[in-house]
Amino acid sequence: MLKTKTHTNTTEKQSFVTSGMKFIQGQNRDQIYLFPVSLNDAVDAENEVRLIDVFVDSLELEEFGFKTRFIENGRPAYHPSDLLKLFIYGYLNQLRSSRKLEKECKRNIEVMWLLKSLQPDHNTISNFRRDNPKAIKKVFRETVKIAKHFNLIGGTLIAGDSTKLRAQNSKKNNFNQKKIDRHLEYIENKLSEYEKALAESDGDKDEINKEIDKQNERKDGYKKLEKQLKESGQAQISTSDPDSRHQITRNNITEVAYSAQTTVDAKNYIPIDYKITNANDKRAMGNMLRRAKTILRHNNFTALYDKGYHTGRELAIVDELNINTLVAIPPFSGASHAPDLNYDVEHFDYNPETDTYICPQGNTLRTTGYWHVAKNPNGQIAYRFRNYTTPKCKKCEVRPLCTKSAANGKQVRRSEFATNIENNKKRILGSGKLYKRRQAIVEHPFGTIKRQWGFNYIITKHGMQRASSDFGFTMVAYNLKRLVNCIGLNELKKYLESTSQLFWLNIALLKSFLSCFPIFKQRLIEETENALLNLNFIKQNYITATQRSF
């Protein structure tokens, strides 16, 4: 019965295949074709790899800093254009790993077309990304230039923000002094326990001695980390990825991460600048605005930033650059409030001519002129300030509503950057609903990169420069996607082809000129020698004539 059933199933299967059912049938794998399909025919004319190919061919890679000249010794190198094409293709298709890209070179027909069947190994691929952070930044700048050419960048309204990208360094391998002290204290307690057990033990003590040696070895390791931390002058160190830092990513969630600062133009949500750092936002705004001014080549634009960038020192840079910048004002902390909110510092009027404050009760607060210093958690000077007080505070009837201090009375602290902070407040109050556009502008790239593409971490290790290369390729891929969406693939490709043709024409003309240069050089030497002979002839005639005259 079993054999009959098997035969029946086979017969049914054959009749199913040959019954003329309307299913698409594949081709015979053993079939030999008279006219095989070429790689070029296998890739559609509208495929984005053709755009990548033309885009990279239009770049002056040597001027960007990519190494194109190698000593002819050993195996030939891969041209940087091929590896650049591979990386741009990979990031556009959510492939960042060098090993995955190596695999795609052997099985992906689009990559085979793009690289002309080259198959670089993963070390070559990885080293290219590692060695070219500055050149990759210039490739990104080229996408911004293309966007400018097509009038996709307005240059009148920009928004800046940062996003945290998790590093290849676990929390376990990140240390500050407090964490090291905690580990050392634990080890000391364990050593005390083992020493006590050793003293009380009458039998075999080898196991206890092994544990003591183990704890002493761990102790030496933490002592080395402590020494490294002190020598670095930093508040924390990471062992796997040295430049990464333990940061708050959102709410109270923390990660060992990098901070990616970006500047985005409001017209088409195209990033015009980026920078990888390992610090928070408090000292980032001024530098990013300087760079934006250089990129846009003017300062007649408005910049929007959130409250994380609200520091007096950065607002002073804003006023120095004369850029209309709106930075959200952070709320007062609970400790800064007066018992009655009507007596908060914001209700005290400052008179710049007399350098005094007038309180809600009409009393005048004055300063001794002495500058105090406020420091940040790292011990660095954050800003200087003066205190303003009045003796009338001690007998004021509303004192319990105004201050919590029982001894000194009300003190108003005025920062050296108070004028800059007040200028920002005036701009915010006079901007209407403009600031509300900030989040929609700057979060657009982050949403695409982190949510759609899954690039919420840095794939590289061993430093900020490598992290910059990784994020740089991400930004190149994002801008190319935006350009295709805004212009269209064919229109963009036509522009790049014309640019590429012009570039190679200029190269040909330059080569032609250089080939003729030896002829020009020889002619110049001959003309110079003739001129010198003529000068000598004139000189001799002059000497002879002078001698005859005497």
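When reading the values below, keep in mind they use all heavy atoms of this one structure, side chains included, and skip hydrogens, waters and symmetry mates.
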Between Tyr258 and Asp241, does the side-chain hydrogen bond (donor to acceptor under 3.5 Å, both in side chains) criterion hold? Intermediate values first, please. CA-CA 10 Å; Tyr258 286 102; Asp241 196 355; 2.9 Å; yes
Under the side-chain hydrogen bond (donor to acceptor under 3.5 Å, both in side chains) criterion, do Gln234 and Asn176 qualify, and how do the steps go? CA-CA 9 Å; Gln234 300 291 325; Asn176 56 20; over 6 Å; no
With a 3.5 Å distance limit and no angle check, can you tell me whether [X] reaches the backbone of [Y] through a side-chain donor-acceptor pair?
X: Glu416; Y: Arg384; value: yes
X: Tyr383; Y: Thr311; value: no
X: Arg313; Y: Ala382; value: yes

Electrostatic pair [X]-[Y], nearest N-O below 4.0 angstrom:
X: Glu185; Y: Arg182; value: no
X: Arg366; Y: Asp355; value: no
X: Asp273; Y: Arg141; value: yes

Check Asn174 against Ser238 and note the closest heavy-atom contact, atom names and distance. ND2-OG, 2.9 Å
Locate the shortest heavy-atom distance separating Arg437 from Leu304; write the atom from each residue and the value. C-CD1, 4.4 Å
Using the ring of [Y] (Phe, Tyr or Trp, six-membered ring only), decide whether [X] places NZ or CZ under 6.0 Å from its centre and within 45 degrees of its axis.
X: Lys137; Y: Tyr274; result: yes
X: Lys219; Y: Tyr222; result: no
X: Arg414; Y: Tyr350; result: yes

Among Tyr478, Tyr89, Tyr91, which residue meets the ring pair (Phe, Tyr, Trp, His ring centres under 6.0 Å) test with Phe473? Tyr91
Could you go through the side-chain hydrogen bond (donor to acceptor under 3.5 Å, both in side chains) check for Glu226 and Gln177 one step at a time? CA-CA 7 Å; Glu226 185 176 37; Gln177 188 62 56; 2.8 Å; yes
Is it true that His372 and Tyr370 have ring centroids separated by less than 6.0 Å? yes
So that I know where these two stand, are Tyr357 and Tyr388 an aromatic pair - ring centroids less than 6.0 Å apart? yes
Name all residues meeting the side-chain contact (heavy atoms from CB on, under 4.5 Å) criterion together with Leu118; count only those two or more places apart in sequence or in a different chain, and write none if there are none. Tyr78, Asp82, Leu115, Pro120
Using distance only, find each side-chain donor-acceptor pair of residues 452-462 under 3.5 Å and give its atom names and separation, not counting sequence neighbours.
residue	atom	partner	partner atom	Å
Thr460	OG1	Arg466	O	3.2
Thr460	OG1	Ala467	N	3.4

